[in-house]
Amino acid sequence: MVDNNLESSRQRAEELRREIEEHNYRYYVLDNPLISDTQYDRLMQELLRLEKEFPGLQSPDSPTQRVGGQPREGFSAVKHLEPMLSLANAFDISDLLDFDRRVRGALPGETVEYVVELKIDGLAVSLYYEHGVFMRGATRGDGTLGEDITANLRAMRSVPLRLRQNIPALEVRGEAYMSKDAFSQLNSAREEAGEHPFANPRNAAAGSLRQLNPSVTAARRLSVYFYGIGHSRGIELPGHWVGLSMLAELGFRVNPQRVLCLDIDEVIETCRRWQDERFKLPYSIDGLVVKVNSLHQQQRLGATMKSPRWAVAFKYPAEEARTVVRDIFWRVGRTGVLTPTAVLEPVSLAGSTVSRATLHNIDIIHNKDIRIGDTVIVHKAGDVIPEVISVVENLRQGNEIPVGEPADCPECNSPLVRQEDEVAIRCPNPSCPALLREGLIHFVSRGAMDVAGLGPALISLLIRENLVRDAADLYVLEPQALAGLERMGPKSAQNLADAIAATRDNPLHRLIFGLGIRHVGERAGKILAEHYGSLDELARTTYDELVAIPEIGPKIAASIQEYFQNPENLHLIHKLRSAGVNTGAGVKTAAQPGPLTGKTFVLTGTLEKYSRQEAKEKIEVLGGKVSSGVSKKTNYVIAGDSPGSKYQKALALGVAVLTENDFEELLQEQ
Ligand code: IVH
């Protein structure tokens with residue numbers, strides 16, 4: 001009996017692992033998720049439960065091993081099976097032509113094709129797989145010996161733990177990086193917390209991977225693109241181009257922006273194209289990598305001690321501009337931290353016009369000796385955040401104005417405080433209007449309650465007019481009151497009221513994130529919502545219970561406790577609940593019965609009125625389940641425009657197919 005139970009659990013665990021890895025692959029590699037986060041979390045919880053009940057079922061390639069690993073003592077060294085070389089640089093077209101001449105000179109009479117890839121500004125990593133299972137991963141280190149960062153790499157969802165084919169041995173190389181978005185969010189959060197910001201996404205990625213706690217890596221939004229193979233056994237490839245496609249087929253995330261060029265002219269054309277285009281990418285690159293395609297030619301070209309002769313890095317010059325600091329002002333953030341901003345004479349820089357630059361903190365202003373009226377050199381950290389690099393001192397006229405540490409809050413005049421060990425200056429007044437404004441801006445922001453059409457200017461106006469004193473007041477705003485505001489007609493007032501009302505039923509994790517509890521980001525919001533199910537439960541929890549949750553560290557736990565000990569916050573939650581905002585068990589999902597309980601849906605094609613996520617949420621709210629593949633058990637396939645193979649399969653299996661209109665009707669009937 002026990003054995004039977006163990007056997008069926010083993011099978012279920014294996015099934016869950018495959019399913020979870022498939023969803024990871026779809027989410028992190030293909031960017032095409034099929035299930036909601038809640039459903040994903042549920043699969044994960046089930047697997048965790050099974051592995052806890054039967055510890056014998058645990059295995060290092062289980063997706064449950066991605067997070068919650070124990071912080072390690074220190075990094076041990078890993079010897080790369082093939083050395084990790086670096087690249088020689090080309091700074092202009094003539095360097096590229098020289099490279100091509102050298103290559104073709106060594107391969108007389110042969111045609112040479114090149115592969116051009118983006119050179120993402122991150123951290124080189126090497127991952128080793130045996131029989132398709134991730135064994136260990138390392139930083140580049142000195143090229144021969146790297147640091148063992150296996151636990152941290154495991155925590156990254158774009159790292160496959162198991163490959164889609166069983167290759168006897170494979171050492172893959174890739175670049176771990178942080179997107180521009182994640183980088184600027186991380187830096188603002190660090191500034192708000194009084195910590196030093198990272199200088200660029202590369203440092204941020206390195207800092208997140210080269211630290212000893214895997215939950216930190218998990219919480220930072222890191223990703224990786226794979227671009228090459230080190231050592232391998234059991235694969236034969238003609239060229240690098242095919243190799244990249246093979247890596248993608250194995251389940252690795254490979255950058256789609258890659259080009260096969262038939263000669264150096266096409267390479268040069270590609271380098272020119274990315275010169276300005278690169279600023280539109282969601283991550284920062286510092287150039288392109290040009291590689292000889294044929295592996296046979298690569299072998300014959302060989303390498304110097306430092307770098308291969310078959311590849312070169314084409315580097316774009318760092319974008320800098322010169323401009324004048326017109327003013328410096330201090331902005332009070334959501335947690336009361338003041339950040340200085342320079343108002344600049346508008347200047348064109350790295351793909352946009354820049355008229356503001358963050359100065360981060362008072363120490364930076366003093367170290368760089370930045371004064372109002374100074375001519376300065378600016379750049380964009382990680383291609384996103386405009387920053388002052390230095391002052392052009394020989395252009396000083398003598399009338400520039402040095403900036404002192406502000407003594408009083410620019411918003412409420414309270415005396416400011418600066419803790420000894422902190423660089424941050426804070427406004428200690430909990431009722432400072434800036435805190436309310438910034439808190440509300442955060443509350444309605446995209447990752448939080450996501451209220452369409454309620455921007456910072458309107459929030460300031462609502463506060464000024466005394467219409468809102470906290471987030472809960474938003475839900476009792478009357479359209480008539482809104483219609484009286486500047487530039488607000490009755491129609492837009494009604495639209496705004498509707499948009500606010502629509503967020504009452506948001507899933508709980510959005511509200512938890514929106515409350516702006518220090519250190520509780522979007523991911524922590526989801527983990528807490530899943531774990532506690534309601535704000536009341538979360539408010540009642542203990543520090544010990546919080547830190548027992550994987551990924552919730554002491555800092556987050558302490559901050560949550562502090563938040564719920566404050567009577568004002570409890571009052572706010574009470575008001576939100578009274579205003580009908582969902583503080584309960586999140587969206588009703590399949591776990592909670594509804595009219596569609598027991599019904600499984602599959603979505604295919606593009607719907608006109610709903611995104612996939614929205615359609616999924618609609619179904620889940622009514623108790624239904626959305627599944628990724630069509631089987632006999634599927635009750636309905638909803639086919640939008642240009643449906644895919646799932647539509648054919650539904651027809652073949654005789655599963656009911658609904659058009660978007662049918663779906664709408666079905667929703668309305670419920
Ligand atoms: S190939 C032997 N391809 O650039 C050649 N490198 O010095 C190995 N990088 O830190 C490098 N994107 O991590 C290659 N598509 C790409 C790359 C890339 C970024 C980094 C690499 C290394 C540096 C090369």
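Counting convention: from 1, in listed order, for ligands and their atoms alike.
A salt bridge links Glu171 to Arg173: at least one charged side-chain nitrogen sits closer than 4.0 Å to a carboxylate oxygen. Of the charged side-chain nitrogens involved, none lies within less than 4.0 Å of a carboxylate oxygen, so that Glu21 and Arg162 do not count as a salt-bridged pair. For the pair Lys291 and Glu117, the salt-bridge criterion is met [side-chain N within less than 4.0 Å of a carboxylate O]. The residues Arg101 and Asp98 are annotated as salt-bridged, a charged nitrogen and a carboxylate oxygen being separated by less than 4.0 angstrom. For Arg300 and Glu110, the salt-bridge test passes: some basic side-chain N is under 4.0 Å from an acidic carboxylate O.
Ligand-side atoms of ligand 1 in range of Glu117: 3 (N), 15 (N), 16 (C), range being under 4.0 angstrom from any heavy atom. Residue Ser86 has at least one heavy-atom neighbour below 4.0 Å for each of these atoms of ligand 1: 7 (O). Less than 4.0 angstrom separates some heavy atom of Leu118 from each of these atoms of ligand 1: 12 (N), 15 (N). Close contacts between ligand 1 and Ile120 involve ligand atoms 12 (N), 19 (C) [criterion: under 4.0 Å to a heavy atom].
Under 4.0 Å from ligand 1, not a single heavy atom of Asn255 appears. Of all the heavy atoms of Glu175, the ones lying under 4.0 Å from any atom of ligand 1 belong exclusively to the side chain. Residue-level proximity to ligand 1 for Val289 is carried by the side chain, the only part with a heavy atom below 4.0 angstrom.
Of the protein's heavy atoms, Ala124 CB, 3.7 Å lies nearest to atom 10 (O) of ligand 1. With hydrogens left out, the protein atom closest to atom 8 (C) of ligand 1 is Leu85 O, 4.1 Å, a heavy atom. Here the protein heavy atom with the shortest distance to atom 5 (C) of ligand 1 is Leu87 CD2, 3.5 Å.
Here Tyr177 and Tyr225 bring their ring centres to under 6.0 angstrom of each other. Between Tyr128 and His80, the ring center distance fails the sub-6.0 Å criterion.
In summary, of the residues considered (Glu387, Glu320, Glu319), a side-chain hydrogen bond (donor to acceptor under 3.5 Å, both in side chains) with His379 occurs for Glu387 alone.
Using 4.0 Å as the threshold, Lys291 has a heavy atom nearer than that to some atom of ligand 1. At least one heavy atom of Pro308 sits closer than 4.0 Å to an atom of ligand 1.
Under a cutoff of 6.0 Å and an axis angle of 45°, Arg278 and Tyr316 form a cation-pi pair.
For atom 18 (C) of ligand 1, the nearest non-hydrogen atom from the set Phe226, Tyr227, Tyr225 comes from Tyr227.
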